[in-house]
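In what follows, a single structure is set out as structure tokens and then discussed.
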There are 2 protein chains.
Amino acid sequence: MKKNQTNVLSELRQMILDGALSAGSRIAEVPTAEMLGVSRTPVRIAFRALEQEGLLTKLAGRGYEVRSISVEEIMGAVEVRGVLEGLAARQAAERGLSQSHQQALALLLEEGDQILNVESLKEADLEHYQNMNKRFHDIVIEAAHNPAIQAALSRNEHLPFASSSALAFDKKNMQREAKRFQFAHQQHHHVYHAIVNGLGTRAEGIMREHANATLGYVHQPKDSDSLTVITERKLHDKP
Amino acid sequence: MKKNQTNVLSELRQMILDGALSAGSRIAEVPTAEMLGVSRTPVRIAFRALEQEGLLTKLAGRGYEVRSISVEEIMGAVEVRGVLEGLAARQAAERGLSQSHQQALALLLEEGDQILNVESLKEADLEHYQNMNKRFHDIVIEAAHNPAIQAALSRNEHLPFASSSALAFDKKNMQREAKRFQFAHQQHHHVYHAIVNGLGTRAEGIMREHANATLGYVHQPKDSDSLTVITERKLHDKP
DNA sequence: CTAGGCTATATTGGATCCATTAAAGAACAA
DNA sequence: TTGTTCTTTAATGGATCCAATATAGCCTAG
């Protein structure tokens, strides 16, 4: 696979989110470029983008550092997402849904009903649901026709998933997770109802509630593994 | 003055905001670099940042274009700012102001009272007030202790001022502008009161109202001058 | 005269080179 | 032994070079 700019960016982002580059790791342009088999140029650009996204911080003269994101910060990001999506829902309700948007949302609601309407939910089901969930939210945001909302959200896109499992679902407690997803899905129904009926304030309120509901489920990630420092020494010290 | 990365970025941004590069202009790396007397590298980085800020769009294979921002888009951006600053005010109220933040806000309120308490406001007074206004808002945001808010806002920082005079005050109607500023300042007082008394919901509401109040004053900028296309031809065709 | 293909070139993307900075380690002196 | 200074080197920032691409204009053939 040939690597281009966006490739390098998403590859690095994925490594950070997966924890391959653990929080607090130092990371420099040259060794990273070697690691990915590209030159410094695309790496430089990617680093700046990741800094913008809040995943890296620059240490003047000593490269970059993978930021360690606190639970408080994640909760803050979720709240921000809540007010922005709340605004989106309100504006969508106020300006009215297009035929295709309404249809798409209805279909997704149906899909969610299907997923959740089984005896015992498996991990794959929840992943499937989350996928659907993202599409639902994206369509609401799109329906607001306010590009500023999308712009503001793009900064928060990845942050909530930074500390590995912080917002991922808890595999050891599937029963509780199932309840949580069912509750969230109810809220989707309510939001849909409010939007198609032009109830802007109501749509906004439910959407904010919806974000806050996930807040209660933020849990501490397991202790990070030993620091992985990607730097010249590290790469060459393989006897 | 020696130019570094940030320099190039802010210089280009200023040129766009000032209208030196009018909306719809095409703009390419090489000629821009020559114009500023730097190499392509810092320009490339600046272009990507400006694209992030929503001031440029990439035309695959044909360079970049200075985005023309519609009034609707500006209004959307102002609404976004409203909900985000509303959230900030709420969180500031909920977690309580630090001594220094409270003191700073009180001082700024006093300063605003002074500025507005004269017979006839001059243009310089309004500029002075706007300066104070920005500091007031910045402190509220800071007091929320939620970095995600700042991150989300940074995308909207410059957008509202993109079309030259869209959000600037109307010099031909100073009386009305004075009224508007006095009203806004009242809201500052109310926000302050709500925050120091821990009334989160109230603080949020007033702050949103405050943003929406400016919405009513968005006016169409004067017709833009003829397009200025910065490209190879343009630069060399000076007989 | 028109349509299709070809060519020239404007333009970005990636790689490498040089300059500059700052941190870390070694060496020397007190 | 410890503190200070000098030197080495890791690291970024900026400049230039080469490659790939796509647009636009031109030329030719029908």
Side-chain angles (χ1 to χ4, degrees), chain A residues 1-13 16 21 24-53 55-67 227-238, chain B residues 1-13 16 21 24-53 55-67 227-238:
Chain A
M1 182 183 64
K2 208 166 143 198
K3 312 212 173 162
N4 57 23
Q5 265 177 15
T6 32
N7 243 314
V8 169
L9 173 59
S10 53
E11 219 166 314
L12 282 174
R13 186 191 292 126
I16 295 174
L21 302 171
S25 304
R26 274 182 48 207
I27 180 175
E29 286 178 9
V30 179
T32 306
E34 283 173 17
M35 180 182 72
L36 296 177
V38 295
S39 83
R40 275 180 58 205
T41 313
V43 173
R44 273 161 81 167
I45 290 170
F47 275 14
R48 277 180 184 73
L50 290 169
E51 191 189 5
Q52 279 289 311
E53 292 178 17
L55 266 54
L56 294 182
T57 42
K58 181 154 53 180
L59 310 175
R62 261 178 314 151
Y64 287 77
E65 180 181 292
V66 179
R67 278 196 49 205
L227 290 188
T228 322
V229 180
I230 296 198
T231 148
E232 188 92 8
R233 282 168 234 271
K234 191 81 183 189
L235 278 180
H236 291 351
D237 286 2
K238 304 179 198 167
Chain B
M1 180 183 65
K2 206 168 146 195
K3 310 210 175 162
N4 57 23
Q5 266 178 12
T6 30
N7 241 315
V8 169
L9 173 60
S10 52
E11 218 165 314
L12 282 174
R13 186 191 292 125
I16 295 174
L21 302 172
S25 304
R26 274 180 48 207
I27 179 175
E29 287 177 8
V30 179
T32 306
E34 284 173 17
M35 179 182 72
L36 296 177
V38 296
S39 83
R40 274 179 60 204
T41 313
V43 174
R44 274 160 81 168
I45 290 168
F47 275 14
R48 277 180 184 72
L50 291 168
E51 192 188 4
Q52 279 287 312
E53 291 178 17
L55 267 57
L56 293 182
T57 42
K58 180 152 56 179
L59 309 175
R62 261 178 315 152
Y64 288 76
E65 180 180 294
V66 179
R67 279 197 48 207
L227 290 188
T228 324
V229 180
I230 296 198
T231 148
E232 188 92 7
R233 281 168 234 270
K234 193 79 181 191
L235 278 180
H236 290 351
D237 286 2
K238 305 177 194 165

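So you know, we letter chains A, B, ... as the sequences are listed, proteins then strands, and number each from 1.
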Subject >> Nearest-neighbour nucleotide for the A/Arg26 side chain, C/dG14, C/dT12, D/dA11 considered >> reply: D/dA11
Subject >> Bend angle of the helix from C/dC1-D/dG30 to C/dA30-D/dT1, end axes from five pairs each (to 10°) >> reply: 10°
Subject >> Whole angstrom value for the distance that separates C1' of D/dT21 from CG of B/Leu59 >> reply: 15 Å
Original post:
Can you tell which of A/Leu50, A/Leu21, A/Leu56 makes a side-chain contact (heavy atoms from CB on, under 4.5 Å) with A/Arg13?
Top reply: A/Leu50
Original post:
C/dG14 base to A/Arg44 side chain: any donor-acceptor pair below 3.5 Å?
Top reply: no
Original post:
Nearest nucleotide by nearest heavy atom, which residue falls closer to the 5' end of DNA chain C, A/Arg62 or B/Glu29?
Top reply: B/Glu29
Original post:
Closest to the A/Arg40 side chain: D/dA15, D/dT12, C/dT12?
Top reply: D/dT12
Subject >> Whole angstrom value for the distance that separates C1' of C/dG14 from CD1 of B/Ile45 >> reply: 13 Å
Original post:
Taking only N and O in the side chain of A/Thr41, is any of them less than 4.0 Å away from OP1 or OP2 of C/dG14?
Top reply: no
Subject >> Minimum side-chain heavy-atom gap A/Val8-A/Thr32 below 4.5 Å >> reply: no
Original post:
Nearest heavy-atom pair of A/Arg26 and A/Arg62: which atoms, and what distance?
Top reply: NE-O, 3.4 Å
**OP:** Round to a whole Å and report the spacing from OH of B/Tyr64 to C1' of C/dA10.
**Re:** 15 Å
Subject >> side-chain N/O B/Lys58 vs D/dA22 OP1/OP2, d < 4.0 Å >> reply: no
Subject >> Test item: B/Leu55 and B/Leu12 side chains (from C-beta on) under 4.5 Å apart, heavy atoms >> reply: no
**OP:** Specify the separation, in whole Å, of atom CG of A/Leu56 and atom P of D/dT12.
**Re:** 11 Å
Original post:
Can you tell me how far C1' of D/dG14 sits from CG of B/Leu9, to the nearest Å?
Top reply: 16 Å
**OP:** In whole angstrom, give the distance that lies between atom CD of A/Glu65 and atom P of D/dA10.
**Re:** 20 Å
Original post:
Please give, in whole Å, the distance from C/dT12 P to B/Glu51 CD?
Top reply: 12 Å
Original post:
C/dG13, D/dG14, C/dT12: which one has an atom nearest the side-chain heavy atoms of B/Val30?
Top reply: C/dT12
Subject >> Point-to-point distance, once rounded to the nearest 0.5 Å, from CZ of A/Phe47 to CZ of A/Arg40 >> reply: 10.0 Å
Original post:
Side chains of B/Arg48 and A/Arg48: closer than 4.5 Å at any heavy-atom pair?
Top reply: no
Subject >> Nearest-0.5 Å distance, CG of residue A/Leu59 to CD1 of residue A/Ile27 >> reply: 11.0 Å
